[in-house]
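Only heavy atoms go into these numbers, but all of them, side chains included; no hydrogens, no water, no symmetry mates. Quick note: residue numbers are just sequence positions, from 1.
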Amino acid sequence: MMFHSFSFAAVFTLAACHTIFTQLEAGSVTSAVGVGIRDPNYDGPIYDVTSNDIACNGGKNPTTATNAIITVQAGSTVKAIWRHTLTSGANDVIDPSHKGPVMAYLKKVSNAATDPGYGAGWFKIQEAGLTNVATQDWATTDLIAAKGEQSITIPSCIAPGQYLLRAELIALHGASSSQGAQFYMECAQINITGGTGAKSPPTVSLPGAYKATDPGILINIYKTLTGYTIPGPSVFTC
Ligand SMILES: *[C@@H]1O[C@H](CO)[C@@H](O)[C@H](O)[C@H]1NC(C)=O
Ligand SMILES: [Cu+2]
């Protein structure tokens with residue numbers, strides 16, 4: 001009996017500390033929650049890097065479809081806004097125990113409102129991992145300090161058109177056991193205007209780009225690290 005209530009309390013504590021990419025600030029406009037981003041109601045993570053849900057969430061955590069497509073200027077810096085829940089404020093981003101990297105990817109699609117996201121075509125445009133070796137500060141620590149605002153610069157040299165913008169955060173507090181890393185991600189539906197199209201980024205698949213045994217995914221963060229290998233491909237730059 002006592003054991004049962006103890007484990008219930010532990011589960012409840014864990015459930016209280018997840019996160020969602022709820023809104024996108026582009027130009028001077030911040031989208032309303034769920035407008036142009038496929039947000040789930042539940043803030044829990046994906047654990048299986050081989051699941052289609054690793055691309056744009058959904059499946060295990062059903063996401064709500066949205067018809068909106070957010071206009072984004074190539075070369076501009078947008079902000080992915082992270083919150084603990086769909087209704088949390090800027091002081092409730094994610095539990096500080098959730099340490100790990102923060103990244104952003106793009107995928108060119110013909111219809112951003114309907115493309116399922118999973119499969120080929122993804123390229124990484126931003127990443128941060130262990131941002132201060134001396135203090136063992138992580139990108140998630142910096143994200144909390146920045147009130148949940150992840151700054152992402154949209155490359156100026158890619159083709160204009162519709163894309164999915166995937167903002168991702170990995171929490172590594174349980175990552176020393178297999179399938180213990182927690183992947184948080186949502187996809188924003190965007191229309192990039194003004195891109196020159198001078199470059200075609202090399203792309204990867206999601207699922208596919210991550211392995212459960214990657215050094216940045218299966219890792220014990222409770223010892224002093226001298227470095228950290230961020231999962232996935234290198235960042236595309238113009
Ligand atoms: C995307 O932007 C282009 C250029 O402004 C525009 O012609 C097109 O209609 C837009 N598409 C969507 C889906 O917003
Ligand atoms: Cu959590």
Side-chain angles (χ1 to χ4, degrees), residues 19-41 43 54-58 61-83 85-90 93 102-128 139 143 146-169 184-204 206 232-233 235-238:
T19 194
I20 303 175
F21 161 32
T22 56
Q23 290 166 278
L24 186 71
E25 182 188 311
S28 52
V29 181
T30 303
S31 63
V33 172
V35 176
I37 304 177
R38 305 164 183 185
D39 281 325
N41 289 320
D43 57 1
I54 203 77
C56 289
N57 214 322
N61 305 326
T63 49
T64 305
T66 166
N67 288 325
I69 296 176
I70 300 167
T71 301
V72 171
Q73 183 69 37
S76 73
T77 298
V78 300
K79 286 176 177 169
I81 300 174
W82 291 86
R83 295 286 183 260
T85 70
L86 295 178
T87 55
S88 299
V93 173
V102 177
M103 297 173 259
Y105 289 76
L106 285 174
K107 175 181 178 169
K108 193 162 192 329
V109 294
S110 51
N111 186 333
T114 58
D115 191 282
Y118 53 79
W122 292 100
F123 56 100
K124 192 191 271 176
I125 58 170
Q126 187 256 330
E127 68 178 15
L143 185 70
K147 306 281 184 197
E149 297 182 355
Q150 176 190 2
S151 291
I152 303 163
T153 300
I154 305 298
S156 55
C157 62
I158 57 175
Q162 298 183 46
Y163 287 79
L164 295 174
L165 169 63
R166 175 180 180 273
E168 177 182 35
L169 182 163
Y184 297 92
M185 80 299 296
E186 275 72 35
C187 289
Q189 304 170 175
I190 67 173
N191 188 28
I192 296 180
T193 60
T196 64
K199 295 256 176 86
S200 295
T203 61
V204 297
L206 286 168
V235 170
F236 168 76
T237 55
C238 290

Identify, with sequence neighbours excluded, every residue that meets side chain to side chain contact (heavy atoms under 4.5 Å, CB included) alongside A113. I69, N111, Q189
Are any side-chain N or O atoms of Q23 and backbone N or O atoms of S31, one a donor and one an acceptor, separated by less than 3.5 Å? yes
Rounded to the nearest 0.5 Å, the CD1 atom of I54 sits from the CH2 atom of W122 at a distance of 11.5 Å
Work out which heavy atom in S76 is nearest to a heavy atom in V72; give both atom names and the distance. OG-CG1, 4.0 Å
A80 and A167 have their tightest heavy-atom pair at CB-CB, 3.9 Å
Counting only N and O atoms by type, is there a donor-acceptor contact under 3.5 Å from the side chain of T19 to the main-chain atoms of V93? yes
Go through the structure and list residues passing ring pair (Phe, Tyr, Trp, His ring centres under 6.0 Å) with F123, not counting sequence neighbours. F236
Taking the side chain as every heavy atom from C-beta outward, state whether C157 and T196 have any atom pair closer than 4.5 Å. yes
CZ of R38 to OG1 of T64: how many Å apart, nearest 0.5 Å? 11.5 Å
Would you say the side-chain atoms of R166 pair up with the backbone N or O of A55, donor to acceptor, closer than 3.5 Å? yes
So OG of S88 and CD1 of I81: to nearest 0.5 Å the spacing works out to 13.0 Å
Note, L165 side chain near L106 side chain (heavy atom, < 4.5 Å): yes
Examine distances only and state if a side-chain atom of T22 and a backbone atom of L86 form a donor-acceptor pair shorter than 3.5 Å. no
I154 side chain reached by Q73 side chain, heavy atoms, under 4.5 Å: no
Which of I37, N57, L169 passes side chain to side chain contact (heavy atoms under 4.5 Å, CB included) with F21? Answer is I37
Atom pair CG/CE of L206 and M185 - distance to nearest 0.5 Å: 8.5 Å
Can you name the closest pair of heavy atoms from P155 and I158 and give their distance? O-CG1, 3.5 Å
Could you pull out the closest heavy-atom pair between C56 and L164, with the gap in Å? SG-CD1, 4.2 Å
Output all residues satisfying side chain to side chain donor-acceptor pair (under 3.5 Å) with K199, sequence neighbours left out; order by chain, then residue number. none
Residues pairing under side-chain hydrogen bond (donor to acceptor under 3.5 Å, both in side chains) where one sits in residues 149-161, two or more places apart or in two chains, turn out to be T77-T153, K79-E149, W82-Q150, Q126-Q150
So how far is it from T71 OG1 to N191 CG, rounded to the nearest 0.5 Å? 5.5 Å
Please find the pair of heavy atoms, one from A68 and one from V35, that lie closest to each other, and give the distance. CB-CG1, 3.6 Å
Which atom of G58 lies closest to which atom of T63, heavy atoms considered: N-CG2, 3.5 Å
K108: salt bridge (Lys or Arg N to Asp or Glu O under 4.0 Å) partners, not counting sequence neighbours: none
So does G117 get a backbone contact from the side chain of K107, meaning a donor-acceptor N/O pair under 3.5 Å? yes
Measuring from I192:CD1 to I70:CD1, what's the distance to the nearest 0.5 Å? 12.0 Å
Quick one: list whatever passes salt bridge (Lys or Arg N to Asp or Glu O under 4.0 Å) with R83, sequence neighbours left out. none
